[in-house]
Amino acid sequence: MTTRREFIQSAAGAMAGIAFVGCDLLNAAPARAQARARRRAVVVNGKRVKTVDIHAHCAVPAANALVNRTLETPSLLKEDIPARLRAMDAQGIDVEALSINPFWYKADRDVAAKVIQIQNEALAEFCATNPDRFVAFATNALQHPDLAVQQLVDGVKKYGLRGASVGGSVDGRELSDPKFHPFWAKAEELGVLVFMHPQGTAELEASGRLNGNGLLTNTIGNPLETTIALSHLIFEGTLDRFPGLKICAAHGGGYLPSYAARSDAIMTTFPERCTGALKKKPTEYLRQLYFDSIVFTAEALRHLAAETGAGQIVMGTDYPYPWTKTSVDHILNTPGLSDDERIAMLGGTAAKLLGIKG
């Protein structure tokens, strides 16, 4: 078994093997920003709050190379760890939970095994060099469920990773497919969080309906896939089968929390089309899921809290993609939240889910 000490000793190699993925709006910072600024302290009603960002991206080039994957913006690789720490400090982010969006779901078993080994070792070694600032989700080859189960166990028990990250579907299969039950069973048994990030809707992209202006493959496609994935997990009984499962859906859960009552209504409007017996109304399952805070107005966040419960919301930034640089203020400035609810969203809930000490 690789020890924490060994992780730290080997961290120099990991630093060379992990990169943070940026995009065109994240060009080099002005020279004055290169000096390390003091970390912003986030305070609620006089109490210092430890903030946790559940949604932050990175990439391991050595793993990408195994499947000939090129980074979307090679000129913007974030290999400069101080730059990320400066961004976190400026925003008031104490801890980031790193995840890697799946690109290996079509890989055969041997290649997928190597990709995951490289990634999980790099993530663990990297976090060991910055244990107060970073934790990470294990990656796994869900297309090979027995392998994914072992990768999850190794990720948590051998490498000290805090859960798992998955896509919104697996090479055309829904996450509710019985093929993946062994993985969900193990995640439930281990009591770890599974962070679900969408990959878009390939079927719509193929049809051409998302072509044109507005990057609709992302703007609409990503939250739509999350909506579809969560709906299947509810209606196919996956959440009944694994009631202790902890899943966090990116981007505020897509469209489902905003229109979930239609899922209740379908049970009475077309009961003959709802053949699987559920243990409760579809909307009630939202209260056992978690959602990041990446919605774009105070009203949207207030509504998300009303539909899911404030205790189910955790802060996300989507770093380094510049969807937002004000996640902390988004939560602080949303009206109608209590101090305890703000503290939970800013980091209290995520810290419990990820085993982050106060």
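Owing to the predicted nature of the structure, the values given are computational and were not obtained by experimental measurement.
The side chain to side chain contact (heavy atoms under 4.5 Å, CB included) search around A249 returns M196, T226, L230, F291, not counting sequence neighbours.
A side-chain donor-acceptor contact under 3.5 Å links K50 to the backbone of K357. Listed for the D177 side chain is no donor-acceptor partner under 3.5 Å among the backbone atoms of F180. A donor-acceptor pair is defined here as one N or O able to donate and one able to accept, closer than 3.5 Å; such a pair exists between the side chain of K246 and the backbone of G191. Remark: side-chain polar atoms of H330 are paired, donor with acceptor, to backbone N or O of V295 under 3.5 angstrom. Judged purely by atom type and a 3.5 angstrom limit, Y290 has no side-chain atom pairing as donor or acceptor with the backbone of G311. Using modelled atom types, one side-chain atom of S293 and one backbone atom of G316 make a donor-acceptor pair closer than 3.5 Å. Between the side chain of N222 and the backbone N or O of N218 there is no donor-acceptor pair closer than 3.5 Å. Side-chain atoms of R342 come within 3.5 Å of backbone N or O of T334 as a donor-acceptor pair. Of the possible donor and acceptor atoms, none in the side chain of E225 sits under 3.5 Å from a partner among the backbone N and O of T201. A donor-acceptor pair under 3.5 Å is absent between the side-chain atoms of S263 and the main chain of P282, judged by distance alone.
The minimum heavy-atom distance linking L175 with A229 is given by the pair CD1-CB, 4.5 Å. Across all non-hydrogen atoms, the minimal contact from S165 to F137 is N-CB, 3.7 Å. Shortest non-hydrogen contact noted between P223 and T227 is O-OG1, 2.8 Å. When all heavy atoms of D240 and L278 are compared, the pair lying nearest together is OD2-CA, 3.5 Å.
Interatomic distance, CD1 of I343 versus OG1 of T51, reported as 12.0 Å (0.5 Å rounding). To the nearest 0.5 Å, the span separating CD on E203 from CZ on R209 amounts to 12.0 Å. To the nearest 0.5 Å, atoms CG (L304) and CG (L286) are separated by 9.0 Å. One distance of note links CG of D108 with CG of D110; it measures 6.0 Å at 0.5 Å rounding. Between atom NE2 of residue H181 and atom CZ of residue R241 there is a gap of 4.5 Å, rounded to the nearest 0.5 Å.
Ionic pairing of R39 and D94 is present here: one or more N-O contacts between side-chain nitrogen and carboxylate oxygen are shorter than 4.0 angstrom. A salt bridge links R109 with D146: at least one charged nitrogen is closer than 4.0 Å to a carboxylate oxygen.
Atom CZ of R287 sits in a crowded spot, with more than 12 heavy atoms from other residues, nucleotides or ligands closer than 6.0 Å. Counting non-hydrogen atoms of other residues, nucleotides and ligands closer than 6.0 Å to CZ of R273 gives a total of 12 or fewer. Within 6.0 Å of atom CZ in R262, 12 or fewer heavy atoms from other residues, nucleotides or ligands are found, so the atom counts as exposed in its surroundings. Within 6.0 Å of CZ in F296 there are more than 12 heavy atoms belonging to other residues, nucleotides or ligands.
Inter-residue side-chain proximity for L289 and T308 is flagged as unmet; no heavy-atom pair is nearer than 4.5 Å. Proximity of P82 to R86: side-chain heavy atoms (C-beta onward) are separated by under 4.5 Å at one or more points. A heavy-atom distance below 4.5 Å is not found between the side chains of V194 and C248. The shortest side-chain heavy-atom distance between L98 and V135 does not fall under the 4.5 Å cut-off. Side-chain contact between S327 and D53 is absent, with no heavy atoms from C-beta onward closer than 4.5 Å.
Here the options are D292, T349, L301, I54, the test is side chain to side chain contact (heavy atoms under 4.5 Å, CB included), and the partner is I313; only L301 passes. The only member of R40, R38, R133 that meets side-chain hydrogen bond (donor to acceptor under 3.5 Å, both in side chains) when paired with D89 is R133.
With 3.5 Å as the limit, one finds no donor-acceptor pair spanning the side chains of Q151 and K158. Side chains of D318 and H57: a donor on one and an acceptor on the other come within 3.5 Å. T139 and Q119 are linked by a side-chain donor-acceptor pair at a separation below 3.5 angstrom, with hydrogens and angles left out of the test. Looking at T70 and N64, their side chains never bring a donor and an acceptor atom within 3.5 Å of each other. Between S258 and E307, the side chains place no donor N or O within less than 3.5 Å of an acceptor N or O (distance only, hydrogens not considered). Counted by atom type alone, Q150 and D154 present one or more donor-acceptor pairs between their side chains at under 3.5 Å. Side-chain N/O atoms of E96 and Y319 include no donor and acceptor closer than 3.5 Å.
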Practice prompt. Under the side chain to side chain contact (heavy atoms under 4.5 Å, CB included) rule, what do V95 and L354 come out as? Steps first, then yes or no, please.
Written response: CA-CA 11 Å; V95 182; L354 299 173; over 6 Å; no
Fill in: Verdict with reasoning, I356 to R162, per side chain to side chain contact (heavy atoms under 4.5 Å, CB included)
CA-CA 9 Å; I356 296 171; R162 305 306 175 93; 4.1 Å; yes
Practice prompt. Decide yes or no on side chain to side chain contact (heavy atoms under 4.5 Å, CB included) for L233 and L245, but give the supporting numbers first.
Written response: CA-CA 11 Å; L233 288 170; L245 197 57; 6.0 Å; no
Worksheet entry | Evaluation steps, side chain to side chain contact (heavy atoms under 4.5 Å, CB included), between W104 and R69 | CA-CA 9 Å; W104 52 86; R69 177 179 174 81; over 6 Å; no
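Seen from the ring of Y285, K280 counts as a face-on cation partner, given the 6.0 Å and 45° thresholds.
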